[in-house]
Amino acid sequence: MSVALRLEKPQAPEFELADNSDRSVHYLEHGFPCPLVRWHYHDDFELHLIVASTGKVFVGDHVGGFGPGQLVLTGPRLPHNWISQTEPDEVVELRDLVIQFRMDLVSGMAKFAPELGSIMPMLERARHGIEFQSVDVELAKRAFREVRDASGAQRIAKLLNLLNSLAEDQDYVLLSTLAIRSRADQASQDKIQLVTQYISENFASEISLSDMASLVSMNDSSFSRFFAKATGNSFVRFVNRVRISKACELLSDTDKPITAICYETGFNNIANFNRRFRELKEITPREYRRQSRLRHGSRQVEP
(Lines give C-alpha, C1' and ligand atoms only; values in the text may rest on other atoms or scores of the structure.)
Protein backbone atom coordinates (compact mmCIF):
# COMPACT_ATOMS: atom_id res chain seq x y z
CA MET A 1 0.00 0.00 0.00
CA SER A 2 1.43 3.36 -0.98
CA VAL A 3 0.96 6.44 1.16
CA ALA A 4 -0.33 9.58 -0.51
CA LEU A 5 1.76 12.11 1.33
CA ARG A 6 0.23 15.58 1.57
CA LEU A 7 2.92 17.06 3.75
CA GLU A 8 6.04 18.94 2.90
CA LYS A 9 9.24 17.84 4.54
CA PRO A 10 9.94 20.07 7.55
CA GLN A 11 12.38 22.82 6.73
CA ALA A 12 15.81 23.30 8.26
CA PRO A 13 17.22 24.77 10.41
CA GLU A 14 16.42 23.43 13.85
CA PHE A 15 14.00 25.40 15.94
CA GLU A 16 15.85 28.55 16.86
CA LEU A 17 15.34 32.27 17.20
CA ALA A 18 16.45 34.88 14.72
CA ASP A 19 17.98 36.64 17.73
CA ASN A 20 21.37 34.96 18.05
CA SER A 21 22.55 37.08 20.97
CA ASP A 22 23.70 35.73 24.31
CA ARG A 23 20.41 36.56 26.01
CA SER A 24 19.23 34.07 28.61
CA VAL A 25 15.55 34.81 27.85
CA HIS A 26 14.19 34.76 24.30
CA TYR A 27 10.77 35.70 22.96
CA LEU A 28 9.09 35.01 19.64
CA GLU A 29 5.69 35.02 17.98
CA HIS A 30 4.64 33.08 14.90
CA GLY A 31 1.64 31.91 12.92
CA PHE A 32 0.69 28.70 11.16
CA PRO A 33 1.95 27.19 8.94
CA CYS A 34 5.51 28.10 9.86
CA PRO A 35 8.92 26.37 9.63
CA LEU A 36 9.09 26.51 13.44
CA VAL A 37 6.07 24.22 13.72
CA ARG A 38 7.72 20.82 13.89
CA TRP A 39 8.39 17.90 16.20
CA HIS A 40 11.42 19.28 17.99
CA TYR A 41 13.23 19.81 21.27
CA HIS A 42 15.86 22.16 22.65
CA ASP A 43 17.91 22.75 25.76
CA ASP A 44 15.72 25.56 27.09
CA PHE A 45 12.56 25.69 29.13
CA GLU A 46 9.67 26.95 27.03
CA LEU A 47 6.43 28.72 27.90
CA HIS A 48 4.02 28.35 25.00
CA LEU A 49 0.73 30.27 24.74
CA ILE A 50 -1.75 29.55 21.94
CA VAL A 51 -3.83 32.58 20.89
CA ALA A 52 -5.58 31.28 17.76
CA SER A 53 -6.76 28.06 16.05
CA THR A 54 -7.40 24.56 17.34
CA GLY A 55 -5.61 21.29 16.68
CA LYS A 56 -3.47 18.56 18.18
CA VAL A 57 -0.66 19.03 20.67
CA PHE A 58 2.16 16.50 21.16
CA VAL A 59 4.33 16.73 24.29
CA GLY A 60 6.55 13.75 25.03
CA ASP A 61 4.16 10.79 24.89
CA HIS A 62 1.09 13.02 25.33
CA VAL A 63 -1.40 13.57 22.51
CA GLY A 64 -4.22 16.02 23.15
CA GLY A 65 -6.21 18.91 21.79
CA PHE A 66 -5.44 22.61 21.99
CA GLY A 67 -7.25 25.86 21.47
CA PRO A 68 -6.84 29.56 22.21
CA GLY A 69 -5.67 30.11 25.77
CA GLN A 70 -3.69 26.90 26.16
CA LEU A 71 -0.55 27.61 28.20
CA VAL A 72 2.11 24.91 28.44
CA LEU A 73 5.53 24.82 30.09
CA THR A 74 7.97 22.28 28.63
CA GLY A 75 11.29 21.28 30.17
CA PRO A 76 14.67 20.96 28.45
CA ARG A 77 14.87 18.36 25.67
CA LEU A 78 11.21 17.38 25.99
CA PRO A 79 9.92 16.96 22.40
CA HIS A 80 6.81 18.94 21.52
CA ASN A 81 4.73 20.16 18.61
CA TRP A 82 1.40 21.91 17.91
CA ILE A 83 -0.41 21.12 14.62
CA SER A 84 -3.41 23.30 13.76
CA GLN A 85 -6.40 21.75 12.01
CA THR A 86 -6.93 24.31 9.27
CA GLU A 87 -8.46 24.41 5.83
CA PRO A 88 -6.17 23.97 2.79
CA ASP A 89 -4.28 27.21 2.12
CA GLU A 90 -5.61 28.76 5.36
CA VAL A 91 -3.04 30.93 7.11
CA VAL A 92 -3.16 31.83 10.80
CA GLU A 93 -1.25 35.08 11.09
CA LEU A 94 -0.53 34.82 14.83
CA ARG A 95 -0.95 31.55 16.69
CA ASP A 96 1.89 31.23 19.22
CA LEU A 97 3.51 33.43 21.85
CA VAL A 98 6.69 31.75 23.07
CA ILE A 99 9.19 32.47 25.84
CA GLN A 100 12.33 30.35 26.08
CA PHE A 101 14.82 30.60 28.95
CA ARG A 102 18.02 28.77 29.72
CA MET A 103 17.73 25.54 31.66
CA ASP A 104 20.10 26.76 34.38
CA LEU A 105 18.88 30.36 34.61
CA VAL A 106 16.55 30.03 37.61
CA SER A 107 18.43 27.21 39.32
CA GLY A 108 21.68 29.18 39.06
CA MET A 109 20.12 32.28 40.60
CA ALA A 110 18.37 30.20 43.29
CA LYS A 111 21.79 29.17 44.66
CA PHE A 112 22.27 32.79 45.78
CA ALA A 113 18.61 33.83 46.14
CA PRO A 114 16.74 31.14 48.11
CA GLU A 115 13.50 33.06 47.58
CA LEU A 116 13.48 31.57 44.08
CA GLY A 117 13.29 28.08 45.53
CA SER A 118 9.50 28.21 45.36
CA ILE A 119 9.73 28.10 41.55
CA MET A 120 11.98 25.05 41.39
CA PRO A 121 9.35 22.31 41.99
CA MET A 122 7.38 23.61 39.00
CA LEU A 123 10.49 23.52 36.80
CA GLU A 124 11.11 19.94 37.90
CA ARG A 125 7.53 19.02 36.93
CA ALA A 126 8.11 20.65 33.54
CA ARG A 127 10.17 17.59 32.56
CA HIS A 128 6.74 16.06 31.85
CA GLY A 129 5.23 19.20 30.35
CA ILE A 130 2.67 21.21 32.35
CA GLU A 131 -0.63 22.52 31.02
CA PHE A 132 -2.16 25.29 33.15
CA GLN A 133 -5.91 24.87 33.25
CA SER A 134 -7.31 28.21 34.46
CA VAL A 135 -5.63 30.74 32.22
CA ASP A 136 -6.89 34.29 31.81
CA VAL A 137 -5.89 34.71 28.17
CA GLU A 138 -5.66 38.49 28.22
CA LEU A 139 -3.56 38.52 31.39
CA ALA A 140 -1.31 35.82 29.95
CA LYS A 141 -0.82 37.73 26.69
CA ARG A 142 0.00 40.86 28.66
CA ALA A 143 2.57 39.02 30.77
CA PHE A 144 4.21 37.50 27.69
CA ARG A 145 4.43 40.85 25.95
CA GLU A 146 5.87 42.50 29.02
CA VAL A 147 8.71 40.01 28.70
CA ARG A 148 8.93 40.76 24.99
CA ASP A 149 9.14 44.51 25.50
CA ALA A 150 11.63 44.42 28.38
CA SER A 151 15.39 44.16 28.08
CA GLY A 152 18.36 43.47 30.30
CA ALA A 153 17.63 42.76 33.95
CA GLN A 154 14.04 43.93 33.50
CA ARG A 155 13.35 41.07 31.08
CA ILE A 156 14.57 38.52 33.64
CA ALA A 157 12.50 40.24 36.34
CA LYS A 158 9.36 40.06 34.20
CA LEU A 159 9.99 36.38 33.51
CA LEU A 160 10.50 35.60 37.21
CA ASN A 161 7.27 37.40 38.04
CA LEU A 162 5.41 35.25 35.49
CA LEU A 163 7.04 32.04 36.69
CA ASN A 164 6.24 32.86 40.30
CA SER A 165 2.56 33.34 39.42
CA LEU A 166 2.47 30.02 37.59
CA ALA A 167 4.26 28.25 40.45
CA GLU A 168 1.42 29.34 42.75
CA ASP A 169 -1.22 28.01 40.35
CA GLN A 170 -2.44 24.60 41.52
CA ASP A 171 -4.84 24.06 38.61
CA TYR A 172 -2.55 22.21 36.23
CA VAL A 173 -2.04 18.79 34.65
CA LEU A 174 1.15 16.97 33.71
CA LEU A 175 1.11 15.92 30.08
CA SER A 176 3.74 13.28 29.33
CA THR A 177 3.75 10.12 31.42
CA LEU A 178 7.48 9.89 30.71
CA ALA A 179 10.01 12.62 31.41
CA ILE A 180 11.52 12.23 27.96
CA ARG A 181 14.83 13.94 27.22
CA SER A 182 15.32 13.57 23.51
CA ARG A 183 18.77 13.17 22.03
CA ALA A 184 17.59 12.78 18.46
CA ASP A 185 19.51 14.56 15.76
CA GLN A 186 17.79 16.84 13.23
CA ALA A 187 17.32 14.07 10.63
CA SER A 188 15.55 11.94 13.25
CA GLN A 189 13.37 14.86 14.29
CA ASP A 190 12.35 15.39 10.67
CA LYS A 191 11.30 11.75 10.39
CA ILE A 192 9.21 11.92 13.55
CA GLN A 193 7.64 15.16 12.31
CA LEU A 194 6.59 13.54 9.03
CA VAL A 195 5.06 10.54 10.77
CA THR A 196 3.28 12.35 13.61
CA GLN A 197 1.81 14.97 11.30
CA TYR A 198 0.65 12.31 8.86
CA ILE A 199 -1.04 10.40 11.69
CA SER A 200 -2.67 13.55 13.07
CA GLU A 201 -4.19 14.34 9.67
CA ASN A 202 -5.14 10.79 8.62
CA PHE A 203 -6.16 9.12 11.89
CA ALA A 204 -9.55 8.08 10.46
CA SER A 205 -7.90 5.97 7.76
CA GLU A 206 -6.00 2.73 8.07
CA ILE A 207 -2.42 3.52 9.09
CA SER A 208 0.07 0.69 9.22
CA LEU A 209 3.52 0.57 10.73
CA SER A 210 4.88 -0.63 7.38
CA ASP A 211 3.45 2.40 5.59
CA MET A 212 5.02 4.79 8.05
CA ALA A 213 8.33 2.93 7.95
CA SER A 214 8.32 3.30 4.16
CA LEU A 215 7.45 6.98 4.52
CA VAL A 216 10.75 7.63 6.30
CA SER A 217 12.77 5.01 4.37
CA MET A 218 13.26 2.56 7.25
CA ASN A 219 12.54 -1.12 7.67
CA ASP A 220 9.71 -2.12 9.98
CA SER A 221 11.73 -3.33 12.96
CA SER A 222 14.12 -0.36 12.93
CA PHE A 223 11.24 2.09 12.61
CA SER A 224 9.35 0.44 15.48
CA ARG A 225 12.31 0.84 17.84
CA PHE A 226 13.08 4.33 16.59
CA PHE A 227 9.50 5.55 17.00
CA ALA A 228 9.12 4.13 20.51
CA LYS A 229 12.37 5.72 21.65
CA ALA A 230 11.50 9.11 20.16
CA THR A 231 7.90 9.38 21.36
CA GLY A 232 7.70 7.15 24.43
CA ASN A 233 4.92 5.16 22.76
CA SER A 234 4.75 2.10 20.61
CA PHE A 235 3.49 2.96 17.13
CA VAL A 236 0.08 1.36 17.73
CA ARG A 237 -0.37 3.08 21.09
CA PHE A 238 0.53 6.45 19.57
CA VAL A 239 -2.05 6.05 16.80
CA ASN A 240 -4.64 5.05 19.39
CA ARG A 241 -3.78 8.11 21.48
CA VAL A 242 -4.41 10.39 18.49
CA ARG A 243 -7.70 8.65 17.71
CA ILE A 244 -8.92 8.68 21.32
CA SER A 245 -7.98 12.35 21.62
CA LYS A 246 -10.24 13.11 18.63
CA ALA A 247 -12.96 10.90 20.10
CA CYS A 248 -12.83 12.91 23.35
CA GLU A 249 -13.29 16.09 21.35
CA LEU A 250 -16.34 14.67 19.56
CA LEU A 251 -17.82 13.28 22.76
CA SER A 252 -17.49 16.67 24.43
CA ASP A 253 -18.50 18.96 21.59
CA THR A 254 -21.11 17.02 19.57
CA ASP A 255 -24.20 14.86 20.04
CA LYS A 256 -22.98 12.22 17.62
CA PRO A 257 -23.73 8.64 18.70
CA ILE A 258 -20.80 6.85 20.28
CA THR A 259 -20.89 4.20 17.56
CA ALA A 260 -20.55 6.88 14.88
CA ILE A 261 -17.61 8.44 16.74
CA CYS A 262 -15.98 5.02 16.94
CA TYR A 263 -15.86 4.65 13.16
CA GLU A 264 -15.18 8.34 12.49
CA THR A 265 -11.99 8.15 14.54
CA GLY A 266 -10.58 5.12 12.73
CA PHE A 267 -11.65 2.18 14.92
CA ASN A 268 -13.10 -0.82 13.11
CA ASN A 269 -15.48 -2.00 15.83
CA ILE A 270 -17.13 -0.67 18.97
CA ALA A 271 -15.61 -3.30 21.26
CA ASN A 272 -12.08 -2.31 20.29
CA PHE A 273 -12.96 1.38 20.59
CA ASN A 274 -14.36 0.91 24.11
CA ARG A 275 -11.37 -1.17 25.15
CA ARG A 276 -8.79 1.35 23.90
CA PHE A 277 -10.75 4.25 25.36
CA ARG A 278 -10.81 2.67 28.82
CA GLU A 279 -7.14 1.78 28.52
CA LEU A 280 -6.15 5.40 27.92
CA LYS A 281 -8.83 7.33 29.84
CA GLU A 282 -9.75 4.80 32.55
CA ILE A 283 -13.48 5.42 31.97
CA THR A 284 -15.95 4.49 29.25
CA PRO A 285 -16.80 6.84 26.36
CA ARG A 286 -20.34 7.19 27.77
CA GLU A 287 -19.02 8.21 31.19
CA TYR A 288 -16.50 10.58 29.59
CA ARG A 289 -19.33 12.34 27.74
CA ARG A 290 -21.42 12.55 30.90
CA GLN A 291 -18.55 14.02 32.93
CA SER A 292 -17.65 16.43 30.16
CA ARG A 293 -21.18 17.79 30.00
CA LEU A 294 -21.36 18.13 33.75
CA ARG A 295 -18.08 20.07 33.72
CA HIS A 296 -19.47 22.42 31.10
CA GLY A 297 -22.79 22.87 32.88
CA SER A 298 -24.93 21.10 30.28
CA ARG A 299 -28.29 19.81 31.46
CA GLN A 300 -28.25 16.99 28.92
CA VAL A 301 -25.86 14.38 30.22
CA GLU A 302 -26.96 11.30 28.26
CA PRO A 303 -25.31 10.51 24.87
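Positions are given from 1, in the same order as the sequence printed here. Atom set for the values below is all heavy atoms of this structure, side chains included, hydrogens, waters and symmetry mates excluded.
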Subject >> Backbone of E46 reached by a side-chain donor or acceptor of D44 within 3.5 Å >> reply: no
Original post:
Would a distance-only check, ignoring hydrogens and angles, find a side-chain to backbone donor-acceptor pair under 3.5 Å from N202 to S205?
Top reply: no
Original post:
Can you list the steps and then say if Q100 with V25 is a side-chain contact (heavy atoms from CB on, under 4.5 Å)?
Top reply: CA-CA 6 Å; Q100 294 178 334; V25 182; over 6 Å; no
**OP:** Please report the closest heavy-atom contact between V106 and L116, naming both atoms and the distance.
**Re:** O-CD1, 4.4 Å
**OP:** Have a look at F238 and tell me which of F203, F58, Y198 forms a ring pair (Phe, Tyr, Trp, His ring centres under 6.0 Å) with it.
**Re:** F58
Subject >> Shared hydrophobic cluster for L162 and V137 (ILVMFWY, side-chain gaps under 4.5 Å) >> reply: no
**OP:** Could you tell me whether the side chain of N268 reaches within less than 4.5 Å of the side chain of E206, counting heavy atoms only?
**Re:** no
Original post:
Distance from L47 atom CG to L166 atom CG, nearest 0.5 Å?
Top reply: 6.0 Å
**OP:** Answer yes if M120 and I156 sit in the same cluster of Ile, Leu, Val, Met, Phe, Trp and Tyr residues linked by side chain heavy atoms under 4.5 Å apart, and no otherwise.
**Re:** yes
**OP:** Please name the pair of heavy atoms, one in R289 and one in L251, separated by the smallest distance, quoted to 0.1 Å.
**Re:** NE-O, 3.1 Å
Subject >> Non-hydrogen atoms of F32 and R95 that approach each other most closely >> reply: CD1-NH1, 3.3 Å
Subject >> Check: E146 side chain, A143 main-chain N or O, donor-acceptor pair, under 3.5 Å >> reply: no
Original post:
If you measure from CE on M103 to NE2 on H42, what distance do you get to the nearest 0.5 Å?
Top reply: 10.5 Å
Original post:
Is the backbone of Y41 close enough, under 3.5 Å, to the side chain of R77 for a donor and an acceptor to pair up by distance?
Top reply: no
Subject >> Pairwise distance CD(Q133) to OH(Y172) - rounded to 0.5 angstrom >> reply: 11.5 Å
Original post:
Between S224 and S221, is there a donor-acceptor pair closer than 3.5 Å when you use the side chain of the first and the backbone of the second?
Top reply: no
Original post:
Minimum heavy-atom separation for L159 to V147, with atom names?
Top reply: N-CG2, 3.9 Å
Subject >> Rounded distance [0.5 Å steps], CG in L194 versus CE in M212 >> reply: 9.5 Å
Original post:
About how many Å separate CD of Q154 and NZ of K158, when rounded to the nearest 0.5 Å?
Top reply: 6.0 Å
**OP:** In sequence, state the C-alpha distance, the side-chain angles, and the governing distance for I244 and K281, and then conclude on side-chain contact (heavy atoms from CB on, under 4.5 Å).
**Re:** CA-CA 9 Å; I244 294 301; K281 296 299 179 181; 4.0 Å; yes
Original post:
Judged by atom type as modelled, is there a donor-acceptor pair below 3.5 Å linking the side chain of T254 to the main-chain atoms of K256?
Top reply: yes
**OP:** Measure the spacing between CD1 of I130 and CD of E124 and express it to the nearest 0.5 Å.
**Re:** 10.0 Å
Original post:
In terms of hydrophobic clusters joined by side-chain contacts under 4.5 Å, are L49 and L94 together?
Top reply: yes
**OP:** Verify whether one side chain among N272 and R276 offers a donor that lies under 3.5 Å from an acceptor in the other.
**Re:** yes
Original post:
Under 4.5 Å between side-chain heavy atoms, hopping through other hydrophobics if needed: is there a path connecting I283 to I270?
Top reply: yes
Original post:
Going by heavy atoms in the side chains, are V98 and F144 under 4.5 Å from each other?
Top reply: no
**OP:** Report the C-alpha distance between H26 and R102 in whole Å, list the side-chain angles of each, state the deciding distance to 0.1 Å, and finish with yes or no for side-chain contact (heavy atoms from CB on, under 4.5 Å).
**Re:** CA-CA 9 Å; H26 296 277; R102 289 181 180 172; 5.9 Å; no
Original post:
Does the side chain of D104 come under 3.5 Å of the side chain of S107 through a donor N or O and an acceptor N or O?
Top reply: no
Subject >> Heavy-atom donor-acceptor pair, T196 side chain to I192 backbone, under 3.5 Å >> reply: yes
Subject >> Stepwise side-chain contact (heavy atoms from CB on, under 4.5 Å) check, L209 with F227 >> reply: CA-CA 10 Å; L209 184 146; F227 190 86; over 6 Å; no
Subject >> Contact summary for W82 and V72, nearest pair of heavy atoms >> reply: CZ2-CB, 3.9 Å
Subject >> Cationic N near anionic O, under 4.0 Å, E29 to R145 >> reply: yes
Subject >> Validation row: F267, I261 side chains within 4.5 angstrom (heavy atoms) >> reply: no
Original post:
Under 3.5 Å, side chain of R38 to main-chain N/O of N81, donor-acceptor pair present?
Top reply: no
**OP:** State plainly whether the residues K246 and E264 are in salt-bridge range, i.e. N to O under 4.0 Å.
**Re:** no
Original post:
Hey, is the main chain of L78 close enough, under 3.5 Å, to the side chain of H80 for a donor-acceptor pair?
Top reply: yes
Original post:
Just one of L71, D96, T74 clears the side chain to side chain contact (heavy atoms under 4.5 Å, CB included) bar with H48, so which one?
Top reply: D96
Subject >> Heavy-atom closest pair, residues A213 and D220 >> reply: CB-OD1, 3.6 Å
Original post:
Got a donor-acceptor contact below 3.5 angstrom from the S245 side chain to the R241 backbone?
Top reply: no
**OP:** List the steps, then state whether side chain to side chain donor-acceptor pair (under 3.5 Å) holds for N219 with S222.
**Re:** CA-CA 6 Å; N219 63 49; S222 295; 2.9 Å; yes
